[in-house]
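Everything on this sheet refers to the single structure shown next.
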Amino acid sequence: MQIQALVAALALAVSVHASAQGPIVIKFSHVVAPDTPKGRAAERFKQLAERMSKGRVRVEVYPNSILYKDREELEALQLGAVQMLAPSLAKFSPLGVKEFEAFDLPYIFPSKAALYAVTEGPIGRELLRKLEPKGITGLAYWDNGFKVMSANKPLLAPRDFQGLRMRIQASKVLDAQMRALGARPQVLAFSEVAPALRDGVVEGTENTPSNMYTQKMHESQTHLTVSNHGYLGYAVIVNKKFWSGLPDELRSTLEEAMRQATAYEKTIAQNDNDAALEAIRKAGTTTIHTLTPQQQAEWRRIMMPVYGQMETRIGKDVVRAIQRTVTR
Ligand code: LMR
């Protein structure tokens, strides 16, 4: 009896100590607006994680590069200053994992179904495993969508890009893609794009409609082409030491919260982009063009050499494996 009382007293002391320490905090930093597919899924993960862990975890979401810009956030994650990020797949090469740039290849995914066959299959898992030696654990792929192009002139034929200063993410594949079109690519962090378009530092850009609309990029772009020439998506990543240091059962709870947030993200990404394109149309600032099948074929033809130029950098095996999966 005495021993039981002692055990109970000890258990109480331990739990008081745990709650006195407060919840485990996960800082989740990202660069886009809260009302984008990534922003909303980050909030959903927060709600799920806090509820399912019964308050043992607190998730603090920092949107819009409040804490860090593109490159800094990766460094902050490795240093443990933040615990969770969801950078676009175009931004992983500074970590030395260039294989992710395969996702930037022009017209690589004929559909979302083909994309999911890659991200949810062995290729997707293998790519995430490549992050482990960098001190990073990959948890999930989140979706955004296919990109559009914008500028202050109609972009209908490759010659329309001649000499245009186009903002890109820091990906060599995107650099090669813009050069294939005859444009002059310029890497800028996401938070710098809207001001750079406004001030004429760059003349055009590519992105998804949801990113363009929520950053008000359309307000300084008079033309937009629905080209679907490339894909923008994310990997949700955590600091490996932090993640593996969590109690097993709490980590499982958070993995389940991430599974549910990821499923939710997939259901909203397309709708958010469709709604954003409609909102840009309604704003009246920007003429929206759709390419004819002949124009599409011409864009594709001009961009195809990018595969040959970039496959050694990305890794031929990865590119071939993706190509085989998407045509299955
Ligand atoms: C960009 O820099 O254009 C995107 O990667 C931003 C994002 O996270 O969607």
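Both ligands and their constituent atoms are indexed starting at 1 by order of listing.
Only the side chain of Arg167 comes within 4.0 Å of ligand 1, judged by heavy-atom distances. At a heavy-atom cutoff of 4.0 Å, ligand 1 is contacted by no atom of Val193, backbone or side chain. Under 4.0 Å from ligand 1, not a single heavy atom of Thr208 appears.
Salt-bridge check for Glu311 with Arg320: passed, with a basic side-chain N closer than 4.0 Å to an acidic carboxylate O. Ionic pairing of Glu192 and Lys69 is present here: one or more N-O contacts between side-chain nitrogen and carboxylate oxygen are shorter than 4.0 angstrom. A salt bridge links Arg40 with Asp272; the closest basic N to acidic carboxylate O contact falls under 4.0 Å.
Set against the non-hydrogen atoms of Leu232, the atoms of ligand 1 under 4.0 Å away are 5 (O), 9 (O). Close approach of ligand 1 to Lys38 is summarised as follows: ligand atoms under 4.0 Å from at least one heavy atom of the residue are 7 (C), 8 (O). Near Ser88, meaning under 4.0 Å from any of its heavy atoms, are these atoms of ligand 1: 5 (O). For ligand 1, the atoms closer than 4.0 angstrom to any heavy atom of Val32 are 6 (C), 7 (C), 8 (O), 9 (O). Within ligand 1, the atoms closer than 4.0 Å to a non-hydrogen atom of Asn211 are 6 (C), 7 (C), 9 (O), numbered from 1 in the order shown. Close contacts of ligand 1 with Lys91, meaning ligand atoms under 4.0 Å from a residue heavy atom, involve 1 (C), 2 (O), 4 (C), 5 (O), 6 (C).
Applying the ring-ring contact (aromatic ring centres under 6.0 Å, His included) rule to Tyr141 yields no partners; only residues at least two apart in sequence or on another chain are considered. Applying the side-chain hydrogen bond (donor to acceptor under 3.5 Å, both in side chains) rule to Arg281 yields the partners Glu278; only residues at least two apart in sequence or on another chain are considered.
Side-chain atoms of Pro185 and Leu174, non-hydrogen and from C-beta on, never get closer than 4.5 Å to each other.
Residues Val173 and Phe190 are members of separate hydrophobic clusters, defined by side-chain heavy-atom contacts under 4.5 angstrom among Ile, Leu, Val, Met, Phe, Trp and Tyr.
Using the six-membered ring where Trp is involved, Phe103 and Phe100 have ring planes that are parallel, under 30° apart on the 30 and 60° scheme.
When hydrogens are left out, the protein atom nearest atom 5 (O) of ligand 1 is Gln169 OE1, 2.6 Å; that is the closest non-hydrogen contact. With hydrogens left out, the protein atom closest to atom 9 (O) of ligand 1 is Tyr234 OH, 2.5 Å, a heavy atom.
In this structure, His30 does not count as a contact residue of ligand 1, since none of its heavy atoms falls inside 4.0 Å of the ligand.
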